[in-house]
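Read the structure below first, then the notes.
No experiment lies behind these values; they were computed from the predicted model shown. Every heavy atom of this structure was used, including side-chain atoms; hydrogens, water molecules and symmetry mates were not.
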Amino acid sequence: DSSFVLLFDVSRQGYQAWREALLPAVVTLVALALALMTRKVVSDGQQPRLLLYSRVASIIAGIGLLGFVASLMYTWDEFSDLRQALNSGAYRITTGAVTELIPERLDGHPPESFRVNGVRFEYSSSQVTSGFHRTVGVGGPLREGLSVRIADVDGKIVRFEALTKN
């Protein structure tokens with residue numbers, strides 16, 4: 001007797017791509033702190049040359065803030081769209097054995113790819129997505145010949161199940 005075991009579901013996984021916004025957030029905070037510190041020194045009448053540094057740090061903080069907001073908006077929109085598609089049934093189901101598996105190397109190249117019933121899937125561990133992207137190199141479950149059932153939306157895997165023998 002065999003049954004499918006759920007290995008990934010975008011709805012159950014939750015919104016995790018927010019982590020991609022951490023770098024612009026850190027840049028924003030560091031630049032803002034530098035801008036405020038240099039402005040304090042400038043307002044005390046010391047080092048008028050620091051005014052330039054303060055303005056540059058303020059510009060960098062603004063750019064970092066824009067990057068932070070844009071990153072959150074992009075990743076939330078993608079997560080929300082994928083979750084909605086999964087919950088409404090607007091996805092394609094592909095079932096069969098994994099073939100032509102090309103694992104991603106530890107350096108990230110080439111992206112991991114495989115076929116199931118002639119349908120090709122591709123992703124990378126460094127890809128910013130809410131879809132499945134856990135590669136073999138970082139402990140992903142794929143292996144040649146594994147029987148799977150995959151739900152995808154425009155090639156992004158929103159649910160991933162593997163057949164196990166009971």
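When all heavy atoms of Pro24 and Phe68 are compared, the closest pair comes out as CB-N, 3.4 Å. Between Leu6 and Phe8 the shortest heavy-atom distance is CD1-O, 3.3 Å. Between Ala85 and Val153 the shortest heavy-atom distance is CB-CG2, 3.6 Å. Minimum interatomic distance between Ser58 and Ala35 (heavy atoms only, all atoms of both residues): OG-CB, 3.5 Å. Glu104 and Pro111 get closest at one heavy-atom pair: OE2-CA, 4.1 Å. Heavy atoms only, all atoms of each residue included: His133 and Tyr123 are closest at CA-CD1, 3.5 Å.
Asp154 CG: 12 or fewer foreign heavy atoms inside a 6.0 Å radius.
Under the 3.5 Å distance criterion, with hydrogens and angles disregarded, no donor-acceptor pair is assigned to the side chains of Ser130 and Gln13. Asn87 and Ser11 share a donor-acceptor pair across their side chains, judged by distance under 3.5 Å alone. Counted by atom type alone, Glu20 and Thr75 present zero donor-acceptor pairs between their side chains at under 3.5 Å.
With a 4.5 Å cut-off on side-chain heavy atoms, Ile102 and Pro110 count as touching. Residues Leu163 and Ser3 have side chains not in contact (no heavy-atom distance under 4.5 Å, counting atoms from C-beta outward). Side-chain contact between Asp9 and Phe160 is absent, with no heavy atoms from C-beta onward closer than 4.5 Å. Residues Phe79 and Thr129 are not in side-chain contact: their nearest non-hydrogen atoms beyond the backbone lie 4.5 Å or more apart. Side-chain contact between Thr99 and Phe114 is absent, with no heavy-atom pair separated by less than 4.5 Å. The shortest distance between side-chain heavy atoms of Leu101 and Glu112 falls below 4.5 Å. Arg159 is listed as a side-chain neighbour of Leu86, based on a closest heavy-atom distance under 4.5 Å. The shortest side-chain heavy-atom distance between Ile150 and Val116 falls under the 4.5 Å cut-off.
Ion pairing between a basic and an acidic side chain is recognised when a charged N comes within 4.0 Å of a carboxylate O; Glu122 and Arg120 show such pairing. Between Glu78 and Lys156 a salt bridge is recorded (basic side-chain N to carboxylate O distance below 4.0 Å).
Both Leu72 and Val69 are assigned to one and the same hydrophobic cluster, defined by single-linkage of ILVMFWY side chains at heavy-atom distances under 4.5 Å. When hydrophobic clusters are built by joining Ile, Leu, Val, Met, Phe, Trp and Tyr residues whose side-chain heavy atoms come closer than 4.5 Å, directly or via intermediates, Leu22 is grouped together with Met73.
Separation of atoms CD1 (Ile157) and CZ (Arg134) is listed at 11.5 Å; rounding is to 0.5 Å. Put simply, CG on Leu32 and OG1 on Thr28 are 8.0 Å apart, with the number rounded to the nearest 0.5 Å. A distance of 4.0 Å separates CZ of Phe121 from OG1 of Thr94, quoted to the nearest 0.5 Å. With rounding to the nearest 0.5 Å, the separation of CD1 in Ile93 from CG in Asn117 is 12.5 Å. The CZ atom of Arg55 lies 14.5 Å from the CD1 atom of Ile60; values are rounded to the nearest 0.5 Å. Taking OG of Ser54 as the reference point, atom CG of Leu36 lies at 7.5 Å (rounded to 0.5 Å).
Using the six-membered ring where Trp is involved, Tyr15 and Trp76 have ring planes that are perpendicular, over 60° apart on the 30 and 60° scheme.
A donor-acceptor pair is defined here as one N or O able to donate and one able to accept, closer than 3.5 Å; no such pair exists between the side chain of Arg115 and the backbone of Val119.
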